[in-house]
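Since the structure comes first, as structure tokens, the remarks are kept for the end.
Scope of the values below: all heavy atoms of this structure, side chains included, with no hydrogens, waters or symmetry mates.
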Protein chains: 2
Amino acid sequence: MVTIYDIAAKAGVSAMTVSRVINNTGKISEKTRAKVKRVMEEMNYVPNQTARSLVLQQTKLLFLLITDITNPFYTTLARGAEDAAKKHGYRLLFGNSDESLEKEADYVTTILTTRVDGVLLAPAGDPSLPHLESLRKHNVPFVLLDREVPGMDCDIVLGDSKEGAKRLVEHLAEKGHRQIALVNGSSSISSARLRLQGYKEGLKLNELPFREEFVFETSFGQLGDLSDMTAWLERLDPMPTAILTGNNVLAVEAMRLLRAKGLRVPEDISIVCFDDLGPYSDVDPFLTVAAQQAYQFGYMGMGMLIDRIGERDGSSPWKKVVLPAELLVRRSVKDISSEEG
Amino acid sequence: MVTIYDIAAKAGVSAMTVSRVINNTGKISEKTRAKVKRVMEEMNYVPNQTARSLVLQQTKLLFLLITDITNPFYTTLARGAEDAAKKHGYRLLFGNSDESLEKEADYVTTILTTRVDGVLLAPAGDPSLPHLESLRKHNVPFVLLDREVPGMDCDIVLGDSKEGAKRLVEHLAEKGHRQIALVNGSSSISSARLRLQGYKEGLKLNELPFREEFVFETSFGQLGDLSDMTAWLERLDPMPTAILTGNNVLAVEAMRLLRAKGLRVPEDISIVCFDDLGPYSDVDPFLTVAAQQAYQFGYMGMGMLIDRIGERDGSSPWKKVVLPAELLVRRSVKDISSEEG
DNA sequence: TATTTTAAGGTTATCGGTAACATTATATTA
DNA sequence: TAATATAATGTTACCGATAACCTTAAAATA
């Protein structure tokens, strides 16, 4: 592969002169500059960022780590992050942790070794703490997305999970539902905990009892095997008339399960969830959801990250942004208020 | 930042010994190994992959460049690529070119300077040729996805676009549709050209005339502004009874447009498209599609890439895989065969 | 016992750049 | 004219790791 030394030799100058031409630093005569540039073109020279990073200890690369690349919430978020990064002249790399701590750890290693200038990430959960501490220890600026990690003070963009879940429950209650189940993500994830809390508050507000067995906890990611959830649902007595799921992926999984059991939505059972389905809700607006401003998560988070990177030394106080969720009423809830008492 | 020299000094050995412990090479006494490991733990040592890459001339990083990160076809593909990469001990970085040549060029630069070991990419279109030539020139192995680029011989994974489009048209014809419009991606993209061809063949097979004005060409990506497409649709006389779109995104855009015009699907107009909507089709199976094996695109493509990287020198012939598309009949097509002749 | 192996570890050069500090001419100023 | 500034370029050291070669002491063999 062509190096500055090859260029230097062919152009009859020193490597340092080539470096100066590349970086537009120092004083170079127009003649020399032209010659060096010509030789670089001729030889198809591409700077070796690896070598450069090693000596400069920085890149102009930013990293976005999300937990589910097939989830429209995160891909829309990614678009926002990308747009903001581009606006500030940064390049963006993506990683997908798949809600897995191990994969997250791998990416943290990649992040540290790739020497990116900053990281925007949705942590897998509370146990991500050591990963964040590692970033902090190595002076890699980062901004958290969607999930708080107890024990870590940092910049963060959150959705209003509690309020959103509460509103969904209230909506169901208004439609006459009194047996409302919750399918939620892992309680090691702050947003899942808040959604559970919002669910409880929503019940209380409508004088509905909270029942432990009506809550099913699983992963926010793709499930594959639905047998646990099926078993849970079959255990319930009475059957819920409505299910609230902690995110869009779980709504999809729940629908799949219900279909497999021959239950129709919303005729036999209603369903609502957190997070919209992205542009695909437009195809057939079916699912009633608490939609989050996914694009804004990415756009604002990236802005905060770049601000933080720009800071010379004095660290301004940590910023925390909470974005509200919007209730979008569609067709997945049946009004049963007239059916009984 | 802690380096092997810091570790070496504290452990009272040479840097080389530390390196040997890290990489499990050479002969090291158990005692020394234990001591070095302990010091590494104590000092929170993280190997500097940048330095390592520089000397080893390889990064163990692969790159996946897709054209639309919000498109479930590509995100599902990404999952497949990720799984295959992981299986072979590679790390994967993602980029999103957004169907834009400029962004693609940026990523090619990033790819070259980051010295990744190989690239899996869906090119933005025929004009991507120089980008591919650049990769080829710098000996970066790559595998193309979904789209051929005339003038470039290389490994590639394709869908059977022509056959898929033909089948969709035939399906519409079977349901009595005789006025079938096509909303397609740019003709500078090979898959769009093949889908147009399949559309024509489907028409011919059913003795339907091909009419230039029934084809609307736009971008495969998110449109935002629908005015051009609206104007096109309003010009048509007679109105089509069905629309075939070249991909899922365009189907969503078309649905959005139709809804804005107060047209119901499928009551007033039918719609079918290439590519499924990912897991979200399960929520409410609505759109009839020619589904591609998105996961396989990524998984097989990545396998081919890693094989190619593994090749010492002798280059085996270029491989071309064509994956069939499957017709999934759902509810977005109305049967109008009884309505007239 | 003398010689050869081997285990365990150290030294040096290098990957491709760039910062910091020379080194030249030539131009400017005293 | 001598002294000083400046433009243009070169030299050297280093970023953090590893390959290739070298050294030493203990173990195995002749």
Nearest whole angstrom, please: distance from the [atom2] of [N] to the [atom1] of [X].
X: B/Arg33; N: C/dG9; atom1: CZ; atom2: C1'; answer: 13 Å
X: A/Leu112; N: D/dC15; atom1: CG; atom2: P; answer: 20 Å
X: A/Met1; N: C/dC15; atom1: CE; atom2: C1'; answer: 13 Å
X: B/Arg52; N: C/dT14; atom1: CZ; atom2: C1'; answer: 17 Å
X: A/Ile7; N: C/dG16; atom1: CD1; atom2: P; answer: 12 Å
X: B/Ile4; N: C/dT14; atom1: CD1; atom2: C1'; answer: 14 Å
X: B/Gln58; N: C/dG16; atom1: CD; atom2: P; answer: 14 Å
X: A/Leu54; N: C/dG17; atom1: CG; atom2: C1'; answer: 8 Å

Exercise for the section: Answer with base, sugar-phosphate or nothing: what part of the nucleic acid does B/Val18 contact at a heavy-atom distance below 4.0 Å? Expected result: nothing
Practice task
Would you mind classifying the nucleic acid contact of B/Thr25 as base, sugar-phosphate or nothing, using non-hydrogen atoms under 4.0 angstrom?
Solution key: nothing
Distance check: side-chain N/O of [X] vs OP1/OP2 of [N], anything under 4.0 Å?
X: A/Thr3; N: C/dG16; value: no
X: B/Gln49; N: D/dG16; value: no
X: B/Thr17; N: C/dG10; value: yes
X: A/Lys27; N: D/dA7; value: yes
X: B/Ser29; N: C/dA7; value: no
X: A/Gln57; N: D/dG16; value: yes
X: B/Ser19; N: D/dT18; value: yes
X: A/Thr50; N: C/dC15; value: no

Handout entry: Gap separating the CG atom of B/Leu77 from the CE atom of B/Met300, nearest 0.5 angstrom
Key = 12.0 Å
Practice task
With rounding to the nearest 0.5 Å, note down the distance linking CG in A/Leu92 to CG in B/Asp106.
Solution key: 12.0 Å
For the side chain of [X], starting at C-beta, report the closest nucleotide among [options].
X: A/Met16; options: D/dA17, D/dT11, C/dT11; result: D/dT11
X: A/Asn48; options: C/dA20, D/dA17, C/dG17; result: C/dG17
X: B/Ile28; options: D/dA17, C/dG17, C/dG9; result: C/dG9

Practice task
Could you tell me whether the side chains of A/Glu104 and A/Ser128 share a donor-acceptor contact shorter than 3.5 Å?
Solution key: yes
Handout entry: Donor-acceptor pair (no angle test) under 3.5 Å: B/Arg20 side chain, C/dG10 base
Key = yes
Practice task
Answer yes or no: side-chain N or O of B/Tyr5 and base N or O of D/dG16 forming a donor-acceptor pair under 3.5 Å.
Solution key: no
Exercise for the section: For B/Lys319, look at atom NZ and say whether over 12 heavy atoms of other residues, nucleotides or ligands are found less than 6.0 Å away. Expected result: yes
Problem - Exceeds 12 heavy-atom contacts within 6.0 angstrom, atom NZ of A/Lys37 - result: no
Exercise for the section: Using the closest heavy atom to pick a nucleotide of DNA chain D for each, name whichever of A/Val55 or B/Val55 lands nearer the 5' end. Expected result: A/Val55
Handout entry: Contact nearer the 5' end of DNA chain C, comparing B/Leu56 with B/Ser14
Key = B/Ser14
Exercise for the section: In sequence, state the C-alpha distance, the side-chain angles, and the governing distance for A/Ser53 and A/Thr50, and then conclude on side chain to side chain donor-acceptor pair (under 3.5 Å). Expected result: CA-CA 5 Å; A/Ser53 302; A/Thr50 304; over 6 Å; no
